[in-house]
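Counting from 1, the numbers follow the sequence of the chain as shown. Numbering of ligands and ligand atoms starts at 1, following listing order. In this text the structure is predicted, and so the values were computed from the model without any measurement. Values below: every heavy atom of this structure, side chains too, minus hydrogens, waters and symmetry copies.
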Amino acid sequence: MKHYKPETLAIRTQVETTSHKEHSAPLFLTSSFIFDDAEAMRAIFADETAGNIYSRFSNPNSQEFIDKLCVLEQTEDGIATATGMAAIFATFMGLLQSGDHILSSASVFGSTHTLFTKLFPKWGITHTYFTSDSIEKLEQIVQPNTKVLYCETPSNPGLQILDLELLSKFCHQHSILLIVDNCFATPYLQNPTKFGADIIIHSATKYIDGQGRVLGGAILGSKEIIEKIRFFARHSGPSMSPFNAWLLSKSLETLAIRMEKHSSNAEKIVEYLENNTYIEKVMYPFSLSHPQYHLAKKQMKLGGGIVTCIIKGGIDNGKRFIDELQMCSLSANLGDTRTIVTHPASTTHSKLTEEERQYVGILPGLIRISVGLEHHTDIINDIQQALEKCQ
Ligand SMILES: *Cc1c(COP(=O)(O)O)cnc(C)c1O
């Protein structure tokens, strides 16, 4: 199968067919598996032969989902988890211990920030943030006990791009593992392992499902690293359900075509917003005005489906704008077929202080648009009528 292109592998990587010779992979709704005899059971428990024991450890559906992601992200091994946060938590718990230190990009997903600031201190795990502007200061903030560098690129919601090649060089000089949350780009648009990343994390809830239906997550990396995380996952139980794995494996079959359309729709929205008198600034990785346009082009295949803009008139107009939208949904999710618009300053990031919001780039008028797969003119018309009411 190795010679096929990623689009084909996402479709043709499949669990073996059963005696029914079904064409589409069946759903294996079973919590446990049976053995031919006591010796076969012993050998599987002793890891001498491969096989399924119990769906908390492995299941054909989650294995198919992970096999596909491994070929797409070019990693040896992986673990499917119930949610993206379960993937993030299991990764840290599998690799770190009390007294360890995390270097992290400052713009991380809200619950990841909560893990760092509210939960990890309980176990003596500390962190230091850096921003895309202070990347050259990493040498000054790295500590002897730093074990991992964690980052998201493009970041949420500011869409800053981090130089993965530079980060991986830095990490490998200091014997630190580089972990990349690749949720915004998806494996179709960006493969962090090409630039030297050690571990890839996905919230499959977003573009991998792509239709706003189920939660899921994945951890991908070398066999050696995944084995350490698997030990934690196997015994603490953040497993993906077979049903979600079955659905998400099917979703991967259309990931490429969906990401092409999300990106081309996003480009049309960017073009519209860039020439708009109500808008102060537009951020999109593949827009010429993006300060890291060349880096984005190097790391990503297309710009992706998230567009961020700053609406004139600050927090009041930000809220008014989303209230006036007639078609686009007000939801905290992203990566759906439906266009979703959020105002981070009054919602997801409202608990931060003004100063903290400034530090991670959440300005009062910042609007995040997760551009869906509707016809682009309908999305633009909805945005336009709402902007016209924000005078
Ligand atoms: C949503 C999200 C997560 C968390 O994923 P869940 O599936 O909601 O647990 C992590 N990272 C990023 C960038 C996300 O957008």
Any Lys/Arg nitrogen of Glu39 or Arg42 sitting under 4.0 Å from an Asp/Glu carboxylate oxygen of the other? yes

Identity of the nearest option to atom 12 (C) of ligand 1, non-hydrogen atoms only, from Val214, Asp181, Thr153: Asp181

Tell me, which protein residue and heavy-atom name are nearest atom 9 (O) of ligand 1, and how many Å apart are they? Met85 N, 2.8 Å

Does Ser287 form a side chain to side chain donor-acceptor pair (under 3.5 Å) with Glu274? I'd like the steps, not just the answer. CA-CA 10 Å; Ser287 158; Glu274 279 183 337; 2.7 Å; yes

Quick check, are the ring centers of Phe120 and His101 under 6.0 angstrom apart? no

When you measure from atom 4 (C) of ligand 1 to every protein heavy atom, which one gives the shortest distance, and what is it? Phe109 CE2, 3.4 Å

For Glu224, I'd like to know if atom CD has over 12 heavy atoms of other residues, nucleotides or ligands within 6.0 Å. no

Ring center gap for Phe92 and Tyr150 short of 6.0 angstrom: yes

For atom 7 (O) of ligand 1, find the nearest protein heavy atom and state the residue, atom name and distance (0.1 Å precision). Thr205 OG1, 2.6 Å

Partner of Phe109 by side chain to side chain contact (heavy atoms under 4.5 Å, CB included), out of Thr348, Ile88, Thr114, Asn156: Asn156

For Gly84 and ligand 1, does the shortest N/O to N/O distance drop below 3.5 Å? yes

Given Ser203, Ala204, Ser155, Ala332, which one has a non-hydrogen atom that is nearest to atom 8 (O) of ligand 1? Ser203

Specify the protein heavy atom at minimum distance from atom 2 (C) of ligand 1: its residue, its atom name, and the distance to 0.1 Å. Lys206 NZ, 2.4 Å

